[in-house]
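Every number for a ligand or one of its atoms is a count from 1 in the order of the listing. Not measured: the values here are computed from a predicted model.
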Amino acid sequence: MKLSIVIPLYNEQESLAPLVEAIAKVMKTEGYSWEIIFVDDGSTDGSFDEIRSLKTLFGQIRAVRFNRNWGKAAGLSVGIAHAQGEIIVTMDADLQDDPEAIPALRAKLEEGYDLVSGWKKIRHDPASFTIPSRIWNYATSILAGVKLHDFNCGLKAYRAETAKSLEIYGERHRYLPVLAYWDGWRVAEIPVTHHERKFGRSKYGFNKFLRGFLDLLALLFLRRYLRSPLHFFGLIAMLLIGAGGLVLAWFGIQWGITGALHIRPLMLLSLGAVIVGIQFFSFGFLAEMLVRMSPHQLYYIRETIE
Ligand code: UDP
Ligand code: MG
């Protein structure tokens with residue numbers, strides 16, 4: 001059984017050689033047949049030259065190079081698409097994830113899971129990072145309905161079929177266990193060792209939490225309404241038009257009986273409700289049209305190493 005290790009990277013030159021050596025050591029001890037798929041997400045620091053020279057030492061290395069920085073999600077998506085193994089492990093390139101955890105992740109998969117996520121139980125990141133991250137993980141597990149401690153750990157193992165079924169774009173790499181769980185895959189978590197960053201620096205700042213929250217709202221919305229957005233917008237539209245229409249009808253009847261039309265706040269409010277309601281219908285129809293448009297390619301590849 002072959003194991004594919006997918007590693008997205010952006011300016012991680014110094015980490016690559018020790019990373020490959022650490023992986024090769026574990027693979028040798030375990031006797032796995034394996035490959036590494038590096039996805040160079042537009043590095044400007046010579047990371048790709050480093051990969052080229054590592055390839056001369058380790059034939060198991062394959063690589064994809066983007067033409068610019070397209071983000072970690074695109075990197076994971078391309079790497080997983082290229083992977084040939086029955087089991088796919090993803091990890092970060094910065095030596096924070098420990099390849100020693102791979103056999104345990106694999107053993108957990110074999111217990112009958114489709115995705116096993118690493119849990120950085122003891123984290124070596126600044127508190128300004130770990131505290132918001134705890135809150136974010138807690139909120140995600142409540143809203144998504146899947147109990148994990150750490151959704152965004154870079155270190156994860158999948159059955160190939162599961163990994164390849166996920167649509168990873170935008171910032172969705174933070175929610176992969178959620179997406180998998182919603183699609184009916186069996187998801188588990190095991191604690192993994194986490195190290196401090198030795199080289200380079202983190203590519204993400206605090207705003208990843210704010211954006212992460214908006215992404216979660218979008219996911220919850222898409223989950224229910226992706227195939228029928230008009231069910232969402234149409235419901236609001238009908239409520240507004242219904243309530244506004246009734247009140248306007250009442251004013252109309254009074255007008256007919258008394259012959260005098262009184263412009264009243266309630267009447268203006270109802271008129272507003274009807275107009276906004278019609279707007280919501282238009283939004284809904286537009287959204288329906290968007291759904292029917294095919295998604296665009298979100299990255300371009302400069303070169304590959306096979
Ligand atoms: N990464 C990437 N593209 C990006 C940003 C990050 O491929 O645009 C990679 C990065 O090189 C690393 C992994 O994603 O291998 C995780 O990034 P980082 O360590 O900066 O995140 P943190 O651990 O600080 O959350
Ligand atoms: Mg990191």
**Request:** Run the numbers for me: atoms of ligand 1, each under 4.0 Å from some heavy atom of L9, listed by number.
**Result:** 7 (O), 11 (O)
Judging by distance only, is a nitrogen or oxygen of [X] under 3.5 angstrom from one on ligand 1?
{"X": "A93", "result": "yes"}
{"X": "Y204", "result": "no"}
{"X": "R201", "result": "no"}

Given 3.5 Å as the limit, does a donor-acceptor pair link the side chain of [X] with the main chain of [Y], or not?
{"X": "R159", "Y": "E86", "answer": "no"}
{"X": "E189", "Y": "L148", "answer": "no"}
{"X": "K55", "Y": "I305", "answer": "no"}
{"X": "W182", "Y": "A144", "answer": "yes"}
{"X": "S43", "Y": "D40", "answer": "no"}
{"X": "N67", "Y": "R302", "answer": "no"}

**Nearest candidate to atom 18 (P) of ligand 1, where distance is taken over non-hydrogen atoms, out of R197, K72, Q96** = R197
**Request:** Check the hydrophobic clustering (I, L, V, M, F, W, Y; side-chain heavy atoms under 4.5 Å; chains of links allowed) and say if L271 and M238 are grouped together.
**Result:** yes
Protein contact of [atom] - nearest heavy atom, named by residue and atom, plus distance:
{"atom": "atom 1 (N) of ligand 1", "result": "Y10 CB, 3.9 Å"}
{"atom": "atom 24 (O) of ligand 1", "result": "S202 OG, 2.5 Å"}
{"atom": "atom 3 (N) of ligand 1", "result": "D41 OD2, 2.6 Å"}
{"atom": "atom 9 (C) of ligand 1", "result": "P8 O, 3.7 Å"}
{"atom": "atom 8 (O) of ligand 1", "result": "N69 ND2, 3.1 Å"}
{"atom": "atom 6 (C) of ligand 1", "result": "K203 CG, 3.5 Å"}
{"atom": "atom 19 (O) of ligand 1", "result": "D94 OD2, 2.6 Å"}

**Request:** Could you see which bit of E12 sits under 4.0 Å from ligand 1, with heavy atoms only: side chain, backbone, both or neither?
**Result:** side chain
**Prompt:** Is it the side chain (CB and beyond), the backbone, both or neither of V39 that lies under 4.0 Å from ligand 1, heavy atoms counted?
**Reply:** neither
Six-ring centre of [Y], [X] cation under 6.0 angstrom, axis tolerance 45°:
{"X": "R197", "Y": "Y204", "result": "no"}
{"X": "R68", "Y": "W70", "result": "yes"}
{"X": "R106", "Y": "Y32", "result": "yes"}

**Message:** Please verify the inter-ring angle class for F221 with F233; under 30° counts as parallel, over 60° as perpendicular, anything in between as tilted.
**Reply:** perpendicular
**Residues H149, N137; criterion side chain to side chain donor-acceptor pair (under 3.5 Å); working and verdict** = CA-CA 6 Å; H149 296 88; N137 276 306; over 6 Å; no
**Prompt:** With a cut-off of 6.0 Å (strictly less than), are more than 12 heavy atoms of other residues, nucleotides or ligands near OH of Y181?
**Reply:** no
**Request:** Starting from the Mg ion (ligand 2), count all protein N, O or S atoms within a radius below 2.8 Å.
**Result:** 2
**Prompt:** Going by heavy atoms, is G75 under 4.0 Å from ligand 1?
**Reply:** no
